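As the structure is a prediction and not an experimental result, all values here were calculated from the model.
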Amino acid sequence: MAEENGTTSGDTGDTAPGGDPVDADVLAPPQPGVLQGADRALLVLLSFTERRPEWGVSEMARRHGWDKAVAQRLLTTLASRSFLTCDTTTRRYRLGPAVSRLARAGEHSGVLPSLVRPILAGLLRETGESVVLNVPQGAGYRCAAAVDGTGPVRYTAIIGAVMPGHAGASGHAIFAHYPEAELRRLFGATPLQRFNGHTVTDLDTLLALYADVRAQGHSVSHGEYDEAVAAVAAPVFQAGTVAASLTVIGPAHRITRATDRITELVKAGAEEATVAFGS
């Protein structure tokens, strides 16, 4: 069988001097024994997000309540090791190539799958169906980790397989939390492929579906890619941004019969995975 294979979490409400929102990692004091300079450098890196991809020296100083000279030294040091780059015209900083290098190393080392394996195993025990962790990849999503169901008829995921983002619960749970402009860029350039009569191929209809997914906190699909398969998925967040979806998937007649129970289990598992991812 083959089938597919959040609103971003809000700010804490606290603000740094100058009105910038402060996340929990900024408010939390360093643990005993932590080297202050290293801790501050890591806080600088964690300040860069999809919603805030660049910073000036004064902004960084205000966010953390540091002296401007301290912020300047931290930013300069990180730039010297290519963790940041500085625009020579605007004097604003963005993440540098060293961050991408670490991200690739982390992905190849299997960090995310190792964090969620106990969660996948737990959902398998509770449901008997296949469980998949999918991560976004362009206009699709990629299977990063999976466990197969126990029944004689079951869905089998292929690690590394990339599936179309618009067809199925796994993709809906991820892309429902993307900005509309980004969705139109990803899905609006060419006609959406139709796999069967259940596939959503109209972009406006897809956007309306995503609004429902955000409101409900999960997605359910019935045969949008493979008519014999149904799935329930929920988003997994990291640092306030959707990072993956957690999906229980299997034969349509079994998933449909147990949708309510599976939905509760998947949403609880996604919340647990969000905590494991460090949000």
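- Under the ring-ring contact (aromatic ring centres under 6.0 Å, His included) criterion, no residue pair touches residues 70-98, with sequence neighbours excluded.
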Please tabulate, one pair per line, all N/O donor-acceptor pairs under 3.5 Å involving side-chain atoms of residues 204-211, not counting sequence neighbours.
unit_1, atom_1, unit_2, atom_2, d
Asp204, OD1, Arg184, NH2, 3.3
Thr205, OG1, Asp202, OD2, 2.9

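- For His218, there are no ring-ring contact (aromatic ring centres under 6.0 Å, His included) partners two or more places apart in sequence or in a different chain.
- In plain terms, the two heavy atoms of Pro251 and Val153 that are nearest each other are CG-O, 3.6 Å.
- Applying the side chain to side chain contact (heavy atoms under 4.5 Å, CB included) criterion to Ala69, with sequence neighbours excluded, gives Asp67, Arg73.
- For Glu264, the side chain to side chain donor-acceptor pair (under 3.5 Å) test picks out no residue, with sequence neighbours left out.
- Among pairs with a residue in residues 74-86, those fulfilling side chain to side chain donor-acceptor pair (under 3.5 Å) read Gln72-Thr76, at least two apart in sequence or across chains.
- By the side chain to side chain contact (heavy atoms under 4.5 Å, CB included) test, Thr150 pairs with Leu124, sequence neighbours left out.
- One finds the NE2 atom of His172 at 13.0 Å from the CZ atom of Arg214 (value rounded to the nearest 0.5 Å).
- Every residue two or more places apart in sequence or in another chain was checked for a salt bridge (charged side-chain N to carboxylate O under 4.0 Å, His left out) with Arg91, and none qualifies.
- Taking the salt bridge (charged side-chain N to carboxylate O under 4.0 Å, His left out) definition, one finds that Arg125 meets it with nothing, sequence neighbours left out.
- Under the rule for a ring-ring contact (aromatic ring centres under 6.0 Å, His included), the partners of Phe175 that lie at least two apart in sequence or sit in another chain are Tyr178, Phe187.
- Applying the side chain to side chain contact (heavy atoms under 4.5 Å, CB included) criterion to Ala268, with sequence neighbours excluded, gives no partner residue.
- Of the possible donor and acceptor atoms, one in the side chain of Glu224 sits under 3.5 Å from a partner among the backbone N and O of Gly168.
- Between Arg154 and Ser130, the side chains place no donor N or O within less than 3.5 Å of an acceptor N or O (distance only, hydrogens not considered).
- Residue pairs meeting the salt bridge (Lys or Arg N to Asp or Glu O under 4.0 Å) criterion with at least one member in residues 240-260, sequence neighbours excluded, are Glu129-Arg254.
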